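Values below: every heavy atom of this structure, side chains too, minus hydrogens, waters and symmetry copies. Every value quoted in this text rests on a predicted model; they were computed, and no experiment measured them.
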Amino acid sequence: MAAAWPSGSSAPEAATARLLGVLWFVSVTTGPWGAVATSAGGEESPKCEDLKVGQYICKDPKINDATQEPVNCTNYTAHVSCFPAPNITCKDSSGNETHFTGNEVGFFKPISCRNVNGYSYKVAVALSLFLGWLGADRFYLGYPALGLLKFCTVGFCGIGSLIDFILISMQIVGPSDGSSYLTRITNETYRKTQLYP
């Protein structure tokens with residue numbers, strides 16, 4: 001039979017109560033990562049870029065009809081405007097704390113995109129296959145010196161034309177400006193919504 005503790009506060013219960021009090025005090029006076037809480041006692045507003053997924057909505061990017069990529073795509077990144085939900089308070093890019101109503105732009109979210117300047121993959125492969133011995137593929141992709149060299153040597157006696165056909169068809173050689181080919185559409189590519197009459 002177990003021994004019963006006398007009525008009233010016992011030593012283990014008092015120690016547990018003190019420990020819980022200390023833990024509560026530490027959790028109130030420090031933030032979630034050990035930082036000291038703000039002097040007002042409230043939580044500091046997060047940056048608008050750090051909001052969780054359900055706390056904002058972003059507009060779809062404007063799509064270029066010719067390239068099927070976002071219009072403002074530079075360095076493989078485009079930015080779309082995002083609107084925090086109503087009654088969300090966060091800091092904008094300049095550090096000002098703002099209370100949003102759902103109609104103001106809170107931040108611009110970067111999305112990935114491909115830089116395209118109108119060079120068609122199908123045209124490059126066709127030029128390399130049929131007119132590669134004249135250097136037409138290299139002229140088309142923006143390499144005029146190599147195109148002229150291939151023209152003067154009749155495609156390096158056919159060997160250079162074969163090598164260029166393989167390199168272009170495997171997309172190892174691309175446009176000279178560093179952009180991507182136009183026709184390779186992946187799941188990452190935004191498609192313009194079709195309008196039915």
Side-chain angles (χ1 to χ4, degrees), residues 5 7-121 171 174-175 177-197:
W5 291 98
S7 63
S9 71
S10 62
E13 291 174 356
T16 304
R18 279 190 216 118
L19 180 63
L20 288 175
V22 169
L23 289 176
W24 176 82
F25 179 74
V26 168
S27 68
V28 168
T29 57
T30 60
W33 295 280
V36 177
T38 59
S39 60
E43 291 184 17
E44 187 174 323
S45 295
K47 292 182 181 178
C48 291
E49 295 88 8
D50 297 335
L51 291 175
K52 294 184 169 86
V53 173
Q55 295 177 326
Y56 65 90
I57 187 166
C58 295
K59 282 191 165 186
D60 290 331
K62 185 176 179 185
I63 304 298
N64 186 342
D65 292 335
T67 62
Q68 292 296 302
E69 291 292 327
V71 172
N72 58 353
C73 181
T74 54
N75 296 329
Y76 299 99
T77 305
H79 293 84
V80 293
S81 54
C82 296
F83 300 88
N87 298 323
I88 294 286
T89 302
C90 61
K91 292 183 179 179
D92 57 12
S93 59
S94 60
N96 299 326
E97 192 171 296
T98 307
H99 184 77
F100 290 92
T101 62
N103 298 324
E104 305 93 359
V105 175
F107 63 98
F108 294 96
K109 183 177 180 180
I111 58 170
S112 62
C113 61
R114 295 182 309 122
N115 292 347
V116 291
N117 287 335
Y119 292 101
S120 173
Y121 173 70
Q171 297 185 13
D177 60 359
S179 63
S180 298
Y181 286 113
L182 182 61
T183 60
R184 192 173 69 183
I185 295 176
T186 64
N187 290 339
E188 301 283 324
T189 305
Y190 289 96
R191 293 179 184 256
K192 186 177 179 184
T193 55
Q194 296 181 358
L195 302 175
Y196 297 102

Minimal non-hydrogen separation, [X] against [Y], with atom names:
X	Y	value
Pro46	Leu51	CG-CD2, 4.3 Å
Tyr181	Gly174	OH-CA, 3.4 Å
Cys73	Arg114	SG-O, 3.6 Å
Tyr76	Ser180	CE2-OG, 4.1 Å

Exercise. If you measure only the distance, is there a donor-acceptor pair under 3.5 Å linking the side chains of Thr98 and Asn96?
Worked result: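 Asn96 and Thr98 do not have a side-chain donor-acceptor pair below 3.5 Å.
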Exercise. Is the number of heavy atoms from other residues, nucleotides or ligands within 6.0 Å of CG (Asn75) greater than 12?
Worked result: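 No - once you tally the heavy atoms of other residues, nucleotides and ligands closer than 6.0 Å, there are 12 at most.
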Reported [atom1]-to-[atom2] distance for the pair [X] and [Y], which is rounded to 0.5 angstrom:
X	Y	atom1	atom2	value
Cys113	Asn64	SG	CG	11.5 Å
Asn72	His79	CG	NE2	8.0 Å
Gln55	Asn87	CD	CG	12.0 Å
Glu49	Cys90	CD	SG	8.0 Å

For this session: Would you confirm whether the ring centroid of Tyr56 sits within less than 6.0 angstrom of the ring centroid of Phe100?
Result: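 Between Tyr56 and Phe100, which both carry aromatic rings, the centre distance is not below 6.0 Å.
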Exercise. Do the charged groups of Glu44 and Lys91 touch, with an N to O distance under 4.0 Å?
Worked result: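 Result for this pair is yes, salt bridge flagged.
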Is [Y] close to [X] at the side-chain level, that is, under 4.5 Å between some pair of heavy atoms?
X	Y	result
Ser45	Thr89	yes
Lys59	Phe83	yes
Val71	Lys62	yes
Pro61	Ile111	yes

For this session: Report yes or no: is the SG-SG distance between Cys48 and Cys82 under 2.5 Å?
Result: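 No, the SG atoms are not under 2.5 Å apart.
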